[in-house]
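Residues: numbered from 1 along the sequence shown. Everything quoted here is computed from the prediction, not taken from an experiment.
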Amino acid sequence: MKPEDIKRETILYGILGDALEKRNLPSNINDYFDDNQMDSFCSIFNIRAEDLGFFLHGLRQQHNVKGLFVEPSHSSDALEKVDELSIIA
């Protein structure tokens, strides 16, 4: 799926951190979604640590965002602000 193919129903996931431009993880995850014909998309959210609270507050309003992978640089701050954690967190 390409970003322009995202619809209101598309389930979104994100990788949250700072300076993430060169990561391959979103493309690997999106390949998995495509291979399994899932209407899902993963994107990088390049957020500075000082903007994390504001970002997460806004993200809660988006009903199609189902999860975030949090980079270690943001993990301790994110732990204080999230609603729930997965078993692998």
- Looking only at non-hydrogen atoms, find the nearest pair between Y32 and N36 and report the distance. O-ND2, 2.8 Å
- Note on the structure: Residues at least two apart in sequence or cross-chain that pass salt bridge (Lys or Arg N to Asp or Glu O under 4.0 Å) with D51, listed by chain then number, are R48
- Item | From SG (C42) to OH (Y13), nearest 0.5 Å | 9.5 Å
- Message: So, using ring-ring contact (aromatic ring centres under 6.0 Å, His included) as the criterion, who are the partners of F55 when residues are at least two apart?
- Response: F45
- For the atom pair CG (D31) and CE (M1), what is the distance rounded to the nearest 0.5 Å? 12.5 Å
- NE2 of H63 to CD1 of I11, rounded to nearest 0.5 Å, is 12.0 Å
- Query: Are there more than 12 heavy atoms of other residues, nucleotides or ligands under 6.0 Å from atom CD of Q37?
  - Reply: no
- Those residues that, when tested against K7, pass side chain to side chain donor-acceptor pair (under 3.5 Å) (two or more places apart): D39
- Message: Checking L16 against N46 for the side chain to side chain contact (heavy atoms under 4.5 Å, CB included) test, could you report, in this order, the C-alpha distance in whole Å, the side-chain angles of both residues, the deciding distance, and whether it holds?
- Response: CA-CA 6 Å; L16 178 62; N46 201 3; over 6 Å; no
- Message: Using every non-hydrogen atom in the two residues, find where F41 and P3 come nearest and quote the distance to one decimal.
- Response: CZ-CG, 3.8 Å
- From CA spacing to verdict: side chain to side chain contact (heavy atoms under 4.5 Å, CB included), K66, L12: CA-CA 6 Å; K66 299 299 179 188; L12 301 177; over 6 Å; no
- Closest non-hydrogen atom pair, I29 against F69: CD1-CE1, 3.6 Å
- Task: Using the side chain to side chain contact (heavy atoms under 4.5 Å, CB included) rule, take L68 and L59 through it: C-alpha gap first, then chi angles, then the decisive distance, then the call.
- Result: CA-CA 10 Å; L68 294 173; L59 200 62; 3.7 Å; yes
- Query: So, N64 side chain and E9 main chain: donor-acceptor pair closer than 3.5 Å or not?
  - Reply: no
